[in-house]
Amino acid sequence: MSQDKKIKIGVLALQGAFVEHIHVLKRLPQVSDAVPIRTPEEFQGSQIDALVIPGGESTSIALVAERSGLLDHLRNWVKSGKPTWGTCAGMILLSNHATHTKLGGQKLIGGLDVVVQRNAFGAQVDSFSAPLTIDGVAGEPFPAVFIRAPIIESVGSDVEVIARLDASRDERIVAVKQGHLLATAFHPELTSDDRFHRLFVEHALAHLSS
Ligand code: GLN
């Protein structure tokens with residue numbers, strides 16, 4: 001794939017912060033378009049190269065995805081090795097196992113070999129921002145916004161940890177990479193810093209050319 005190749009990115013748009021992702025992605029030079037994905041028809045018809053699963057409420061996203069018939073498409077997409085990034089609720093959905101789920105559990109897309117704990121910071125500190133050093137993001141620390149965020153409790157052997165909180169928050173894992181998958185416990189789309197979106201696009205381009 002040549003240097004000037006552009007990609008089309010879909011953003012799962014069932015609930016949560018999908019508009020914000022679309023706005024950031026549309027401004028990036030290597031993105032030909034960023035489109036909302038709401039139905040199996042849109043998923044199949046829009047010819048996307050990569051997918052973002054946004055933050056929001058993972059239980060609602062999973063429920064709507066299942067009812068609309070999208071869940072199986074999403075699982076097949078991830079299984080087939082397509083570049084995918086999950087933010088916050090999206091990270092929960094991509095995980096193979098989630099703890100602190102609602103009674104009866106919740107449906108996941110899976111594929112990312114991690115155990116995720118939902119709402120890991122409790123009700124008192126349910127949102128905060130922290131400067132993060134992220135592998136692959138050059139320059140000053142990234143202003144990461146956490147909202148009722150999950151953390152990654154453990155990772156499988158193929159998972160690379162790319163960011164952790166500092167010692168005051170027990171160096172908890174908040175960003176990982178596994179082959180074609182990226183996941184962040186925080187919300188880069190809610191800041192004006194587009195470096196993580198650029199990282200995803202580079203990651204997707206590298207995967208699509210390999
Ligand atoms: N707590 C939410 C969930 O479990 C995630 C929060 C978020 O995406 N900002 O789905």
Side-chain angles (χ1 to χ4, degrees), residues 9-25 34 36-38 50-68 70-71 74-75 78 84-132 134 142-155 162-165 169-170 172-178 181-194 196-197 199-200:
I9 302 185
V11 181
L12 188 66
L14 303 179
Q15 190 268 338
F18 53 87
V19 174
E20 292 83 349
H21 273 296
I22 290 173
H23 285 161
V24 182
L25 290 166
I37 302 291
R38 290 165 290 230
L51 179 74
V52 175
I53 304 173
E57 188 54 48
S58 56
T59 47
S60 312
I61 297 173
L63 205 67
V64 182
E66 192 179 15
R67 283 191 189 149
S68 65
L70 254 177
L71 194 58
L74 291 163
R75 287 176 172 158
V78 170
T84 310
W85 169 24
T87 53
C88 203
M91 177 176 96
I92 297 170
L93 289 164
L94 276 183
S95 68
N96 281 345
H97 190 74
T99 65
H100 293 215
T101 53
K102 287 197 173 150
L103 209 60
Q106 74 182 78
K107 292 269 163 66
L108 301 171
I109 297 166
L112 184 64
D113 187 14
V114 299
V115 177
V116 160
Q117 182 189 334
R118 288 183 67 220
N119 301 328
F121 299 93
Q124 280 176 330
V125 194
D126 67 0
S127 76
F128 61 95
S129 99
L132 284 187
I134 304 173
F142 190 87
V145 175
F146 293 82
I147 303 166
R148 290 181 305 107
I151 48 127
I152 296 178
E153 285 182 344
S154 61
V155 302
I162 59 170
R164 291 176 180 271
L165 289 167
R169 290 197 169 91
D170 300 329
R172 286 165 146 191
I173 302 169
V174 289
V176 294
K177 187 167 152 180
Q178 176 196 312
L181 305 176
L182 271 182
T184 52
F186 49 94
H187 289 264
E189 78 287 4
L190 300 183
T191 61
S192 56
D193 192 324
D194 63 13
F196 206 96
H197 286 79
L199 178 72
F200 175 59

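When a ligand or atom number is given, it counts from 1 through the structure's own listing order. Starting from 1, each residue takes its place in the sequence as its number. Please read these numbers as outputs of a predicted model, since none were measured by experiment.
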Let me see the working for Arg172 and Glu153 under salt bridge (Lys or Arg N to Asp or Glu O under 4.0 Å), right down to the final yes or no. CA-CA 8 Å; Arg172 286 165 146 191; Glu153 285 182 344; over 6 Å; no
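- Here the SG-CZ distance, from Cys88 to Arg148, works out to 7.5 Å after rounding to the nearest 0.5 Å.
- Close approach of ligand 1 to Ser58 (heavy-atom distance below 4.0 Å) involves ligand atoms 3 (C), 4 (O), 10 (O).
- The distance criterion of under 3.5 Å between nitrogen or oxygen atoms is met by Arg148 with respect to ligand 1.
- Residue Ile53 holds its CD1 atom at 11.5 Å from CG of Leu182, rounded to the nearest 0.5 Å.
- The CZ atom of Arg164 lies 13.5 Å from the CD1 atom of Ile134; values are rounded to the nearest 0.5 Å.
- In terms of protein heavy-atom proximity, atom 1 (N) of ligand 1 is nearest to Asn119 OD1, 2.6 Å.
- Judged by the 6.0 Å distance and 45° axis criteria, Arg169 is positioned over the aromatic ring of Phe128.
- For a threshold of 3.5 Å applied to N or O pairs, the pair formed by Ile92 and ligand 1 contains no separation below that value.
- Using a 30° and 60° split on the angle between ring planes, His197 and Trp85 fall in the perpendicular class, above 60°.
- For Arg118, every heavy-atom contact with ligand 1 shorter than 4.0 Å involves the side chain, none the backbone.
- Of the heavy atoms in Thr87, none comes closer than 4.0 Å to ligand 1.
- Taking distance alone, with nitrogen or oxygen atoms compared against 3.5 Å, Gly56 approaches ligand 1 more closely than that limit.
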